Number of protein chains: 2
Amino acid sequence: MQPPLHRLNEFVPASPLAADLFTSWLSHRKVFRRHQNIRREGDPVSSVFFLVKGWVTSSVMMRDGRRQIVKVHLPGDMLGFPSLALEHAGEGLEALTGVELCSIPLAEIGRLFEELPSVAAALFLSTQKERIALMQELTWIGSTHALGRVAGFLLDLHERLDAAGLVEDGGFDFPLTQAHLGELLGLTGIHVNRTLKRLDATGCIERTRRRLRLIDLNGLRGLAPNHAPRYAGIEAWDRLGRPGAGAARPALRERAL
Amino acid sequence: MQPPLHRLNEFVPASPLAADLFTSWLSHRKVFRRHQNIRREGDPVSSVFFLVKGWVTSSVMMRDGRRQIVKVHLPGDMLGFPSLALEHAGEGLEALTGVELCSIPLAEIGRLFEELPSVAAALFLSTQKERIALMQELTWIGSTHALGRVAGFLLDLHERLDAAGLVEDGGFDFPLTQAHLGELLGLTGIHVNRTLKRLDATGCIERTRRRLRLIDLNGLRGLAPNHAPRYAGIEAWDRLGRPGAGAARPALRERAL
DNA sequence: CGTGGCTTTGAATCATATCAACTGACGTGG
DNA sequence: CCACGTCAGTTGATATGATTCAAAGCCACG
């Protein structure tokens, strides 16, 4: 299977050095089963991850035992970066399906800043984008009804799955339970159920076994509180002044003995 | 007034080059009045900001005209980074008090990656920390009562103000209206009022004019859903392999003619 | 001394949570 | 091949927290 590199090349033009680096990351992969913990909240932070295949939740626990899912990760996502500045992970990572990922040691990230500033800058931009996504999610949860939250999440998910090439005829595999959706959107699983039924009844979506189809995208958009912002691509990198573009600096491979 | 540089030196040991850079940023400042827009959502993104003095809200608008405040910024914070990857700003910035800040052109950030990788890495870590803060906020809002949300926010605020040296005897200036708190915590201003009164009645807090005092921190912690995670400092940078630590690279000033 | 912003209060209503029970699909072991 | 247990989804009745609307009070400022 071709790993979903589209996200890694999002902000920075593909360069041979970067490509070498990525393939070296992608060479040793780990596999996780459904429901397996990839990293528990509180574990020492020793690496970040690149998700090659499958879905992963990133969640925060509360004292009373409940948890808030803060992000549903899809293939191509980088995982674990928020905890980079923490001694112990602030977010748990759990496999929602069978998962294949690459573990990237922290020192590797340091080398990136040292030797491939353009890639480091791209990574930086990409995590800022995640910050916007979090802000967006906060907005859904903070100030809309259940209907808007569910609609908003489904639209966002659809868009991301589409970008990863995982949508067929408006439909996609959907491994989240209603309880998961509840933990993600700040609702009870039960209320999620009623809301999904409502969406179903209005003909916006179609649910079968473990698959979901968005039929009426515009209908959903009418229910959702706000649309996703437009992301820049290479332009953003341009505006930063193209870090690393022309600089003569030691090549990664020359030092990597 | 001494600008609050503590945040800039959080993850990286002070170096003469970095100090020069920071003082060059800090040399031209802008001033904003209370309630003035620093940047509107949708404005083209041309710079980021360093907040020297005053409070600033960062907020996202919704179609129905309501807005969600996603962060209350205090002196020493970097503003506007989430929109770095967007053509048009995804978050509005508004002065909550009189404000003094420095505007940093995007190209300056690019230069950072190019020429001072250690500072770039520190900036990266610092924005990851912000991501954790957002996740934390999401957790409050997604899965707790009004009481927990308010208590959690006040504790977090107190901690940050304390780090900035703005707390005196447990008390601090508090320019947020109850409506602001509502927009921040996903509640009605009215409900915030009732909640504050409740906290007041139990003796956890004390409100006077535009000032707030947290009297019973442990009591508040009992109400809040979760405590803030422990942040690493220089250690985090160590774990990354100290980018830029020993590298001989062109000094910033030599090129800055 | 009046005006406008912010806070406080009450009553009615709505959305969501909670509790409890039932259903159907699936996988497992006898 | 069937009986069983588990897990996800479904449904109803009731409780509660938060919103909405309306109005009064307070204070600061011009």
Side-chain angles (χ1 to χ4, degrees), chain A residues 33-35 55 57 62 64-69 94 96-98 140-153 173-201 205-212 223 225, chain B residues 33-36 55 57 62 64-69 94-98 140-153 173-201 205-212 223 225:
Chain A
R33 295 185 313 278
R34 201 160 98 95
H35 295 155
W55 295 37
T57 57
M62 293 196 350
D64 63 7
R66 297 201 309 198
R67 67 171 184 177
Q68 172 76 36
I69 297 180
E94 193 180 326
L96 212 47
T97 66
W140 295 341
I141 295 186
S143 37
T144 25
H145 313 291
L147 209 65
R149 298 187 202 180
V150 174
F153 171 68
D173 286 325
F174 191 76
L176 288 162
T177 68
Q178 297 179 350
H180 281 133
L181 277 175
E183 290 176 325
L184 177 69
L185 300 173
L187 298 169
T188 317
I190 295 173
H191 203 65
V192 168
N193 180 340
R194 299 195 221 271
T195 309
L196 283 176
K197 293 214 84 182
R198 207 132 61 95
L199 280 180
D200 218 337
I205 66 173
E206 197 178 79
R207 295 175 296 156
T208 62
R209 282 274 87 237
R210 300 202 163 282
R211 219 174 154 73
L212 192 65
L223 298 171
Chain B
R33 294 185 314 276
R34 201 160 99 95
H35 295 155
Q36 200 175 351
W55 296 36
T57 58
M62 295 197 348
D64 64 6
R66 297 202 307 199
R67 68 171 184 178
Q68 172 76 37
I69 296 179
E94 194 179 324
L96 212 47
T97 66
W140 295 340
I141 295 186
S143 36
T144 23
H145 308 295
L147 209 65
R149 299 188 202 180
V150 173
F153 171 69
D173 285 325
F174 191 76
L176 288 162
T177 69
Q178 298 179 351
H180 280 135
L181 277 175
E183 290 177 326
L184 176 69
L185 299 173
L187 298 168
T188 316
I190 293 171
H191 203 65
V192 168
N193 181 341
R194 301 195 222 268
T195 309
L196 283 176
K197 291 214 85 182
R198 207 133 61 96
L199 281 179
D200 219 337
I205 66 173
E206 196 179 79
R207 295 176 296 156
T208 62
R209 290 280 82 243
R210 299 205 162 279
R211 220 173 153 74
L212 193 64
L223 298 171

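Each chain gets a letter, A, B and so on, in the order its sequence line appears, and its residues count up from 1. Note that the coordinates shown come from a computational prediction; the quantities given were computed from them, not determined experimentally.
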Next item on the list: Kindly give the heavy-atom pair with the smallest separation between R207(A) and Q178(A), and that separation in Å.
Entry: NH1-NE2, 3.4 Å
Margin query: From the set dG9(D), dT20(D), dC6(C), return the single nucleotide nearest to any side-chain atom of T188(B).
Written below: dT20(D)
Item checked: Nearest-nucleotide pick for R34(B), side chain only, options being dA18(D), dC6(C), dT11(D) -> dC6(C)
Notebook entry, point to check: Minimum heavy-atom separation for H35(B) to E94(B), with atom names?
Noted result: O-OE2, 3.7 Å
Check: Given dG9(D), dT8(C), dC6(C), which nucleotide is nearest the side-chain atoms of N193(A)?
Finding: dG9(D)
Notebook entry, point to check: Between dC6(C), dA17(C), dT9(C), which one does the side chain of L187(A) approach most closely?
Noted result: dA17(C)
Check: Which whole-number value in Å describes the distance from H191(B) NE2 to dA11(C) P?
Finding: 17 Å
Check: For the side chain of I190(A), counting heavy atoms from C-beta on, which of dA18(D), dC19(C), dG9(D) is nearest?
Finding: dC19(C)
Next item on the list: Output the single nucleotide from dA8(D), dC6(C), dG10(C) whose closest atom is nearest the side chain of T177(A).
Entry: dA8(D)
Note to self: Please check if the number of heavy atoms outside H145(B) that lie under 6.0 Å from its NE2 is greater than 12.
What the structure shows: no
Item checked: Nearest-angstrom distance from the residue atom CZ of R211(B) to P of dA28(D) -> 16 Å
Check: Which part of the nucleic acid does R207(A) contact within heavy-atom distance under 4.0 Å: base, sugar-phosphate only, or nothing?
Finding: sugar-phosphate
Next item on the list: Report the nucleotide, chosen from dT8(C), dG9(D), dA15(C), that has the shortest atom-to-atom distance to any side-chain atom of H145(A).
Entry: dA15(C)
Next item on the list: Remember a base hit wins even if backbone is also touched, and classify G186(A) as base, sugar-phosphate or nothing at under 4.0 Å, heavy atoms.
Entry: sugar-phosphate
